Protein chains: 2
Amino acid sequence: MGVIEKVKKSARVAAVPAGALPLDSILMDDCIAAMKALPDACIDAVFADPPYNLQLGGDLNRPDGSHVDAVTDDWDKFDSFAIYDKFTRAWLKEARRILKPTGTLWVIGSYHNIFRVGTAVQDLGFWILNDIVWRKANPMPNFKGTRFTNAHETMIWASMGEKSRYTFNYRAMKTLNDEIQMRSDWELPICAGQERLKKDGHKVHPTQKPEALLYRVLLSSTKPGDVVLDPFFGTGTTGAVAKRLGRRFIGIEREPAYVEAAQERIEAALPLDESNLQIMQAGKAAPRVAFGTLVETGYLQPGTMLCDTKRRWKASVRADGSLVLADGQAGSIHKMGATLQGAPSCNGWTFWHYEAADGLRPIDAVRQTYLLATQP
Amino acid sequence: MGVIEKVKKSARVAAVPAGALPLDSILMDDCIAAMKALPDACIDAVFADPPYNLQLGGDLNRPDGSHVDAVTDDWDKFDSFAIYDKFTRAWLKEARRILKPTGTLWVIGSYHNIFRVGTAVQDLGFWILNDIVWRKANPMPNFKGTRFTNAHETMIWASMGEKSRYTFNYRAMKTLNDEIQMRSDWELPICAGQERLKKDGHKVHPTQKPEALLYRVLLSSTKPGDVVLDPFFGTGTTGAVAKRLGRRFIGIEREPAYVEAAQERIEAALPLDESNLQIMQAGKAAPRVAFGTLVETGYLQPGTMLCDTKRRWKASVRADGSLVLADGQAGSIHKMGATLQGAPSCNGWTFWHYEAADGLRPIDAVRQTYLLATQP
DNA sequence: CTAAGTCGTGAATCACCCT
DNA sequence: GAGGGTGATTCACGACTTA
């Protein structure tokens with residue numbers, strides 16, 4: 001992985017021959033210029049977290065008098081909706097050109113910008129597949145009591161056109177969600193604690209996204225080995241998660257400070273089967289916990305071998321929370337337990353065990369640990 | 001309550017003199033034509049559930065072969081985004097004209113249309129206050145397993161402009177939500193069961209909204225007696241809830257079958273009695289009490305010493321209701337609290353305490369005592 | 001060492017009346 | 001209309017401190 005300092009302006013179009021993409025690299029350049037240097041139809045997925053154009057007023061203080069550290073960076077300032085729209089359409093157009101016909105687009109935003117982005121997405125011919133709501137488990141309150149707590153952000157997921165094929169790993173999502181179809185609203189905590197990149201005690205990037213969000217995005221709509229491009233790379237959450245999930249990435253970021261932080265972070269990221277317990281907090285635990293959540297949040301690592309109490313059968317945990325047997329069969333913890341026993345159903349939580357220091361323990365114990373850690 | 005069959009086209013503008021609005025009526029007409037007949041700035045809130053522009057390709061069947069009664073009515077077909085945009089801007093422009101400067105706009109939609117609506121709302125000068133996500137507790141599953149379960153709809157809430165005043169019943173919303181600020185995501189069941197209007201076993205309207213949704217909308221952003229207009233009245237959920245909550249309504253609906261169903265339904269709806277409505281206005285209802293009043297009326301004696309919770313700072317109450325510090329500085333309870341803490345502002349009512357028999361008590365407690373003694 | 005308490009902070013379009 | 005004074009207002013979580 002390396003940083004490509006600046007793409008030559010004179011050689012933008014097809015500067016990079018197909019098959020020789022700058023994979024797993026960060027291009028330090030303007031996003032439109034950098035995309036122009038890539039060939040047509042070479043990317044499987046674009047994830048974009050563009051400036052939101054927040055249009056904030058004066059300072060804001062909490063009831064206790066402390067000051068809110070808001071997003072005041074120059075990159076989020078636009079003089080008018082017209083200028084913002086022009087910018088949006090320009091980068092979307094390039095994203096569309098470099099996407100394969102089977103590729104998909106993800107864009108995240110808030111009410112400040114998402115309607116303008118969505119309109120542009122539709123006007124350019126993309127076909128919206130879902131709008132996904134990221135429900136923040138711990139949003140900042142509305143301190144003055146003037147509105148509803150702004151507790152969510154919106155993602156748009158779109159294919160190249162109405163008739164286009166695209167990747168949707170339905171089974172992976174359903175398994176991750178304990179055998180219930182994944183819905184269009186995802187509850188996840190904001191990026192904080194250990195995961196939040198800091199330098200000299202200050203956050204490196206004002207709007208770093210949680211890895212759990214990108215985990216679900218990439219797992220749902222890309223295949224291993226797919227190339228994911230992020231034109232607003234920031235501190236590289238997309239890259240770190242792509243690496244963990246065995247996807248390739250191309251990041252574009254203009255700010256050297258962000259590039260440096262992203263570089264360091266991605267180098268430290270471990271592909272899934274080697275990664276240690278990651279502190280990737282899940283949402284406020286529901287009464288029900290999906291097995292996939294334990295994997296997503298690092299309580300169980302992909303690759304862990306499970307077996308029944310008498311060690312007659314074995315299975316390996318996959319990244320989406322499914323199990324794979326020795327013969328290649330795969331499915332949920334419940335389904336695989338039932339299949340092996342020839343039973344109509346099976347409670348996977350008590351059937352499957354993992355090897356602990358003091359012997360076999362049911363995976364339900366991990367669920368209990370998770371609940372204890374996340375319940376109030 | 002009556003149905004005004006058709007507003008004369010020749011007398012649209014100001015046909016209804018201000019003060020003589022067709023309150024608690026359904027106008028059976030095209031929504032733009034009917035709005036044109038209303039005077040400027042006469043409406044407190046507009047709630048709109050416009051056609052969604054769903055472009056379903058053919059019929060949709062469940063895996064068992066049964067038919068899904070989707071939105072296939074003629075009014076829901078638009079040839080292109082351009083036509084839809086034109087229609088959207090036309091009705092929004094009229095809605096804006098008839099809204100008071102202090103009024104607010106609500107629009108509900110799905111990913112098919114909400115981005116276009118939101119862009120139009122912003123372009124016309126409305127100022128978005130929140131986007132609200134209605135999380136459906138029981139959404140229809142995605143039968144084909146090709147996408148995420150579409151489990152929510154989006155509402156846009158906007159004031160007339162960036163600097164416009166508007167109504168937000170913060171206390172009512174907080175009370176409704178168990179004393180925690182109401183968030184921008186609302187979990188509510190879809191409209192089904194007894195509430196769902198049916199005729200001959202078939203639903204009367206394809207997209208009837210639950211009353212709980214309108215209850216929250218109207219309770220949060222209107223006052224008793226306010227006039228609410230719904231340009232896409234359908235089967236009249238807005239009217240039924242407005243009646244229950246002591247608000248006035250004007251509904252516009254073109255389809256005679258819907259008008260008839262709405263008429264019947266609203267006549268059967270029962271208004272809440274006034275005492276309930278009073279309770280829901282609580283908080284705002286409490287009249288402001290000046291600190292000086294408490295001194296004036298003998299609830300606090302001049303010369304009383306006040307301090308903060310940790311007794312770090314002290315001040316003495318003067319006869320005019322100001323505080324004086326040890327160093328001679330004097331001012332209001334708020335200003336002195338802010339000065340001492342070096343904070344931009346301070347709520348003196350909760351900052352300052354007096355010595356009671358059982359320890360320190362905030363001066364706000366004195367205010368409560370005063371209110372209880374003097375309120376009817 | 002544990003438990004309880006304190007403090008800091010996060011994509012935020014964040015007041016209103018009277019003169 | 002601008003400016004100044006009054007007064008209303010926060011949730012969840014992680015890190016750190018104190019008992």
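This one's a predicted model, so the numbers in the text were calculated from it and none came from an experiment. Reminder, nothing fancy here: chain letters follow the sequence lines and each chain counts from 1.
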Any Asn150(A) side-chain N or O less than 4.0 Å from OP1/OP2 of dT13(C)
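Yes, Asn150(A) has a side-chain N/O under 4.0 Å of OP1/OP2 on dT13(C).
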
Are Gln194(A) and dA15(D) close enough that a side-chain N or O sits under 4.0 Å from OP1 or OP2?
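For Gln194(A), the contact criterion (side-chain N or O under 4.0 Å from OP1 or OP2 of dA15(D)) is met.
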
Can you find a side-chain donor-acceptor pair between Ser159(B) and Ser164(B) that sits under 3.5 Å?
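On atom types as modelled, these side chains do not qualify, holding no pair under 3.5 Å.
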
Would you kindly say whether Asp69(A) and His202(A) are connected by a side-chain donor-acceptor distance under 3.5 Å?
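No - no donor-acceptor pair under 3.5 Å links their side chains.
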
Are side-chain heavy atoms of Leu214(A) and Trp106(A) found at a separation under 4.5 Å?
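No, every pair of side-chain atoms sits at 4.5 Å or beyond.
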
Taking dG10(C) as the reference, what is the distance to dA8(D) when you measure between their P atoms (whole Å, please)?
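Result for the P pair: 29 Å, nearest Å.
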
When you measure from the side chain of [X], which nucleotide among [options] comes out closest?
| X | options | result |
| --- | --- | --- |
| Tyr170(B) | dT10(D), dA8(D), dG10(C) | dT10(D) |
| Val71(A) | dA11(C), dT10(D), dG10(C) | dA11(C) |
| Pro63(A) | dA15(C), dT10(D), dA12(C) | dT10(D) |

Categorize Asn61(A) for me: base, sugar-phosphate, or nothing, with a 4.0 angstrom heavy-atom threshold over every strand shown.
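Contact class for Asn61(A): none.
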
Can a donor-acceptor pair under 3.5 Å be found between the side-chain atoms of Lys203(A) and the base atoms of dA11(C)?
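When only heavy-atom distances are counted, Lys203(A) does not reach the base of dA11(C) through any donor-acceptor pair under 3.5 Å.
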
Do the side chain of Arg62(A) and the base of dG10(C) come within less than 3.5 angstrom through a donor-acceptor pair of N or O atoms?
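Side chain to base: pair present.
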
Look only at the side chain of Asn113(A) and the backbone of Ser110(A), and say whether a donor-acceptor pair between them is shorter than 3.5 Å.
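Here the side-chain-to-backbone pair exists.
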
Find which nucleotide of DNA chain D each of Asp64(A) and Ala192(A) is nearest to by heavy atoms, and output the residue with the more 5' nucleotide.
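Checking each residue's closest nucleotide, the 5'-ward one belongs to Asp64(A).
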
